[in-house]
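Model, not experiment: these values are computed from the prediction.
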Amino acid sequence: MTGMLASSKAGHDKDMIYVIIKEETEYVYLVDGKSRTIDKPKKKNKKHIQIIKKYPGPDVSARIRAGHADDIEIRKTIKQYQVSRKQEVSNVKS
């Protein structure tokens, strides 16, 4: 799961998009590059997140797993996903 995007399903941050930077038995650690930086990740129960399987690309995932990603790269990855998601929704409506 480390390096994948996830959407929060519960809590005050419901529907927020994060990147998983660490995984434990029942919990994952999430970052968004803004309020939740790599230095201060959010600990969240696995059952309260939804994995987004097709993002990010393999190169970004590998950098995150290796611990070489920074907050700027995290923000950029989340923004790219949000833009592509909006395009998919607008294409469906057309």
Side-chain angles (χ1 to χ4, degrees):
M1 270 202 239
T2 302
M4 298 182 82
L5 288 181
S7 174
S8 175
K9 294 192 310 186
H12 72 277
D13 62 343
K14 185 176 181 197
D15 297 327
M16 294 287 295
I17 306 295
Y18 294 101
V19 175
I20 301 170
I21 61 163
K22 184 178 173 185
E23 179 180 0
E24 291 180 349
T25 308
E26 293 183 40
Y27 297 97
V28 291
Y29 292 84
L30 308 170
V31 296
D32 66 3
K34 295 177 189 172
S35 60
R36 291 296 178 172
T37 61
I38 291 176
D39 297 332
K40 292 177 16 178
K42 178 175 186 61
K43 182 178 178 181
K44 196 151 182 95
N45 194 310
K46 285 182 180 180
K47 64 183 174 184
H48 294 154
I49 63 166
Q50 175 67 48
I51 299 294
I52 301 170
K53 293 188 177 184
K54 61 182 175 177
Y55 278 90
D59 55 333
V60 176
S61 291
R63 287 185 46 80
I64 293 167
R65 282 192 299 273
H68 298 300
D70 59 7
D71 291 320
I72 295 169
E73 191 168 9
I74 299 290
R75 285 194 305 265
K76 185 178 177 182
T77 300
I78 292 171
K79 184 69 173 176
Q80 287 174 343
Y81 169 74
Q82 290 171 331
V83 167
S84 70
R85 184 74 179 131
K86 285 181 183 178
Q87 289 174 348
E88 288 175 7
V89 170
S90 67
N91 287 341
V92 170
K93 289 182 179 179
S94 304

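Tyr27 and Leu5 are not part of a single hydrophobic cluster, where members link through side-chain heavy atoms under 4.5 Å apart.
Here the CD1 atom belonging to Ile64 is positioned 6.5 Å from the CD atom belonging to Glu73, to the nearest 0.5 angstrom. Between atom NZ of residue Lys43 and atom NZ of residue Lys22 there is a gap of 9.0 Å, rounded to the nearest 0.5 Å. Here Ser8 contributes atom OG and Asp15 contributes atom CG; the two are 7.5 Å apart, rounded to the nearest 0.5 Å. With rounding to the nearest 0.5 angstrom, the CD1 atom of Ile38 is 10.0 Å from the CD1 atom of Ile72.
Minimum heavy-atom separation, Asp32 to Ile17: CB-O, 4.0 Å. Across Tyr18 and Ile78, no two heavy atoms sit closer than the pair CA-CD1, 4.2 Å. What you find for Ile51 and Met1 is that their closest heavy atoms are CD1-SD, 3.5 Å. Of all heavy-atom pairs spanning Leu30 and Arg36, the tightest one is O-CB, 4.0 Å. The minimum heavy-atom distance between Ile74 and Gly33, with the atom names listed, is CG2-N, 3.8 Å. Residues Arg75 and Lys34 share a closest heavy-atom pair of CD-CG, 3.5 Å.
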With side chain to side chain contact (heavy atoms under 4.5 Å, CB included) as the test, would you mind laying out the steps for Ile20 and Ile49 before giving the verdict?
CA-CA 10 Å; Ile20 301 170; Ile49 63 166; 4.1 Å; yes
Side chain to side chain contact (heavy atoms under 4.5 Å, CB included) for Glu26 and Glu24? Distances and angles first, verdict last.
CA-CA 6 Å; Glu26 293 183 40; Glu24 291 180 349; over 6 Å; no
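Checked for salt-bridge contact, Lys44 and Asp13 meet the test: a charged N lies under 4.0 Å from a carboxylate O.
Within 6.0 Å of atom NZ in Lys76, 12 or fewer heavy atoms from other residues, nucleotides or ligands are found, so the atom counts as exposed in its surroundings. In Lys9, the NZ atom is crowded: over 12 heavy atoms of neighbouring residues, nucleotides or ligands sit closer than 6.0 Å.
Within the 3.5 Å criterion, the main-chain N or O of Thr25 finds a donor-acceptor partner in the side chain of Lys46. With hydrogens and angles disregarded, a donor-acceptor distance shorter than 3.5 Å links the side chain of Ser61 to the backbone of Gly3.
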